[in-house]
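Shown next, in structure tokens, is the structure this report addresses.
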Amino acid sequence: MRELQYHDDGRRAEVRANPSMNGIDYAEVETGDDGKPELHVFLLRSLPPEKDVRLFSAANILIDASPDAEPVQPGDPVFRRGENRDRDDVAVIPLDQTGSRSPYVLRLVPSPEFPLEDVDPRYRSATFSFLPETPLEIDCLRSPGRPAPQTTVPDLNYLAKDYASFRQLLLDRLSATLPGWLERHSPDLYLTLVEILAYVADQLSYAQDAVGTEAYLDTARLRTSLRRHVRLVDYPMHEGCNARTWVCLQVRDNPRVKLHDLAFMTHPEGIPAGETEVLPGTLRLLPQASYRVFEILPLPARSDISEHDITDPEVLVRHLAGSVGPVPGHVRSRLTEHRLKALLEAEKNPEELPALLTELAGLLDTLLDDPGMVSVDPGAVSDAIARYGSPNALKGSRLRGRNRLALEQMLGNGLAATDQLHFYEAHNTLVFYTWGSTNCCLPRGAVAATLRDRWRDEKAGTRRLEQLRVGDILILEELVHPGTGSSADADPAHRHAVRLTAVQPGLDQLRNTPVVEVSWDEADALPFPLVLSATGPAPECALLTDLAVARGNVLLVDHGQTVLEPDPARLRGERGTVIIAVPFAPPHDVVPAPNVQLCCVGEGRPGDRSEGPVEYEPVLAGAPLVFSQPPEAGVPASRLLRQDPAAARPEVALFSPVEFAHPRLEIFERLPEPGTTGTPLPYERWLPRSDLLASDTDDRHFVVEVDDYGVAHLRFGDNVLGARPAPDTRFLAWYRTGGGSAGNVGSDAIRHVMRRGKIQGGSIVGVRNPLAAQGGTDPEPVDQVRLRAPHAFRTRLERAITAEDYAAIVMRDYAGTVQRAAALMQVPKKGPVVIKVTVDPLGTVDDDAEFRAGVKNHLERYRRIGHEVQVGTASYVPLTLELTVGYHPHHRQGAVLGALLDRFSNGVRPDGGRGFFHPDELTFGQGIAVSAITAAAHSVPGVAWASVRSLARIGGTGLPPDGFLELNPNEIARLDQNPDVPDRGWLSIKLEVAR
């Protein structure tokens, strides 16, 4: 007979609570002091307090066993009390022998002496074994068994996989279960249910097939599946990249505008060509496919203060001297009156202004790391507590950003705000100054020019180009063709952007004309000769001047438009910058809470059970999402337009409400709606990542995955790799739409301004892009990904093993700055293997310690364990070269000599070509052949013959053996022709008249 099975034993608690009842809890076999077995029977409750209390005797004890088991006889029990209240009382029953391995059952039966009235009938037995230390592999308490219902398996077609076959299967089944149903018309309710179920079955069947299809790279069809597959082999599948270009503004007066309040666009349908400004409300009525929107690309925010940030020295000094409050007083205590007075007087002596501005900018920059800027301002302390929970959170970059904002507010327009743009009418068109010379041009490779300035107030010594600063972008442009004198014939290819690296005011005292000397980086060297003045065509033969100009008020823009609808919210960052974010569209507007089911945790105790977190993957309503490579700060203008689609990042950020302030969080404040009052609400920012493998538990990161339709899906972490959004969170999203090859518009295609805010102090009267937009790339095709991904890791070097690997990595990652790299491995008897990497920078022979340190740090991630990397520059070998040249009698000797000196120089020749010994013409281990020198001399007009008398290292004479001067692998030839420094190479040319 089977016993009653149960899950919760409620009777046990009742017996324990009844002082007149007791029972057996469990039994265990132990070994006694005499070595014989004993059965320890543990009771449900303690024995009565009387001495020598007995609940039963040997006459009450029966031990049952299976027929094959060894019988065991019990002895008279001995009752023992527990050592403390936590230990149960126990009855020790001696046994005559050790039983077999099968289980035994101890039973208590009534006897005349002990009728067992105080022992509960349900607890008069216990099962025990003579192998107590043997672990059980199954649960002792089995779940209640239920008889399985008797069912018959229906005859089904298990090959059904699509809608039609599932529909027929259901119809066949209904014919067997409902033989009286004969209707097959579409309005029939049964047929409607059949078709619905067939549709659902078809979807489930497709999902089953998709699991196997998307599990492999060769068969996967979804773009998201391919991206995850190739990520495992470090292949950077890209989603395209947006285009960039430069725009020049024509302004009236000196306007100021917030960074995000301006956008630019190509000419849309329905707008007159001469109309410069387009309102956002008008734009909604225009066909979106007829125009492209470009927004200002902000460069990385600089935390330092340079002379470029001082927009108006006079206003800055006036605010420094006249502002009232604890913060201005603290700033004045760090500056001396002598420096402020010198800055005021610099207006009369503009040549000294750059040096004074640099000094003042350095002094202001020291204030950015000054905690006193916060301690003297009660508002800053309370704001830090509200934002971060403690004023001690203001340190490092956060302290510099906060102090920068305080200085901007105190100094007004004298110090440029990080989110404000200044334009100047004097910068619309900048004219080159030729110092009275005619037929002038800037040669190919030029890196400097002189601009003509004008007096704003000659008596006061003020100028119109006082606001021209280091870091400004100028576009050099040909206005008139020098051959025809017509502006219509100007070459559109003769336009070039440069970033100024030096600005020095000067004065042509002969003509009392103020000038500005400007120069730019070698990377921005002029790629073509730019003619400034020339003699016009016959018969007038008039002098044509100002054939080329420089354009100021230049901005870097990229293709894409910020989504501003619906329900835009304004968020102010730590540095005062305001951005616009919008909520997700339903059903993704709120993070769903997990499903909770009601359950019972015990008798009379209801509870709930969570089914786990609900998957939350919102989508962005706007498409396509912009992908852009973050720009670098302080780089030449030519590098700002170049982008690598594999390095492009999605232009999106999320913001969620913050319940508690924490120093780790980057806080944004949600400002009240315009025209309303209220307290700003704190929000924290979530940033996109390519994956979450490196994200920590509480990192606010997410992944953007673009599907085959261009829709961006956002995937969050699981509280292990990245944080999971809390239920009921309402996100705000900032993102931009656009990008791809559609943004590669031609030059002068951008002609309109879209203003989103106020312009103060002036107006914008014109806009154009002199250069075509470039860099726009469409998403990588999936077929190309399948083709390249499996073999990409074989072609890209990710670990340096040999010396050649180190050189190859430098050449690959520094393609724009290094001409060639070489490496040599040295294996000492003791210590690590030394890898000596030698680099040959482009366009220079100088040793740059900072550049070498950067190359070394870059090689650290590729360095093999046990290798020590040392980076050095090339060893330049000065040469001695002696030539004898014969020239034709009808050529002038001086002209031929000058042409030969240019041909064998180390610079750029007047025609734009490089000299024979230019640093970029020679590289590591490249020897010099006598025949090459002879051929170069013969290329000069007027040379009849040439002979090399001597070619050797400096200090040597004669010709090298076999007519070839060999160099070591780390050596580069050098010949500077500088008579003041003859140890850098020496050239001697002897001219004779050819006979």
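Note that the structure is predicted; figures quoted are calculated from it, not measured.
The distance from the CG atom of Asp644 to the NE2 atom of His238 is 8.5 Å, given to the nearest 0.5 Å. Between atom CG of residue Leu430 and atom CG of residue Leu474 there is a gap of 6.0 Å, rounded to the nearest 0.5 Å. Atom CD of Glu295 sits about 9.5 Å away from atom NE2 of His559, to the nearest 0.5 Å. Here CG of Asn906 is found 4.5 Å from CG of Asp976. Values are rounded to the nearest 0.5 Å.
With hydrogens and angles ignored, the 3.5 Å screen pairs no side-chain donor or acceptor of Arg974 with any backbone N or O of Tyr876. Proximity of a side-chain donor or acceptor of Asp524 to a complementary backbone N or O of Ala637 within less than 3.5 Å is detected. A donor-acceptor pair under 3.5 Å is formed between the side chain of Asn769 and the backbone N or O of Ala749. One N or O on the side chain of Asn428 and one on the backbone of Val251 form a donor-acceptor pair closer than 3.5 Å. Listed for the Asn744 side chain is a donor-acceptor partner under 3.5 Å among the backbone atoms of Gly776. In this structure, Arg495 contributes its side chain and Pro770 its backbone to a donor-acceptor pair below 3.5 Å. Between the side chain of Asp558 and the backbone N or O of Leu297 there is no donor-acceptor pair closer than 3.5 Å. For the pair Thr777 (side chain) and Gly775 (backbone), a donor-acceptor distance under 3.5 Å is present.
For Phe294 and Phe264, the ring centers are positioned 6.0 Å apart or more.
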For this session: Give the C-alpha distance, both sets of side-chain angles, the deciding distance and a yes or no for salt bridge (charged side-chain N to carboxylate O under 4.0 Å, His left out) between Asp840 and Arg820.
Result: CA-CA 5 Å; Asp840 178 16; Arg820 187 184 170 190; over 6 Å; no
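Under the 3.5 Å distance criterion, with hydrogens and angles disregarded, no donor-acceptor pair is assigned to the side chains of Arg751 and Thr266. In summary, the side chains of Thr501 and Asp521 do not present any donor paired with an acceptor at a separation below 3.5 Å, with no hydrogens or angles considered.
Side-chain contact between Val855 and Phe851 is present, with heavy atoms from C-beta onward closer than 4.5 Å. In this structure, Arg649 and Pro688 have side chains that are not in contact, with every pair of non-hydrogen atoms separated by 4.5 Å or more.
Between Phe904 and Phe917, the angle of the ring planes lies from 30° to 60°, which puts this pair in the tilted group. Between Tyr424 and His422, the ring planes are parallel. Angles under 30° get that label, and only those over 60° would be called perpendicular.
A salt bridge between Arg463 and Glu466 is absent, with no side-chain N of the basic residue lying under 4.0 Å from a carboxylate O of the acidic one.
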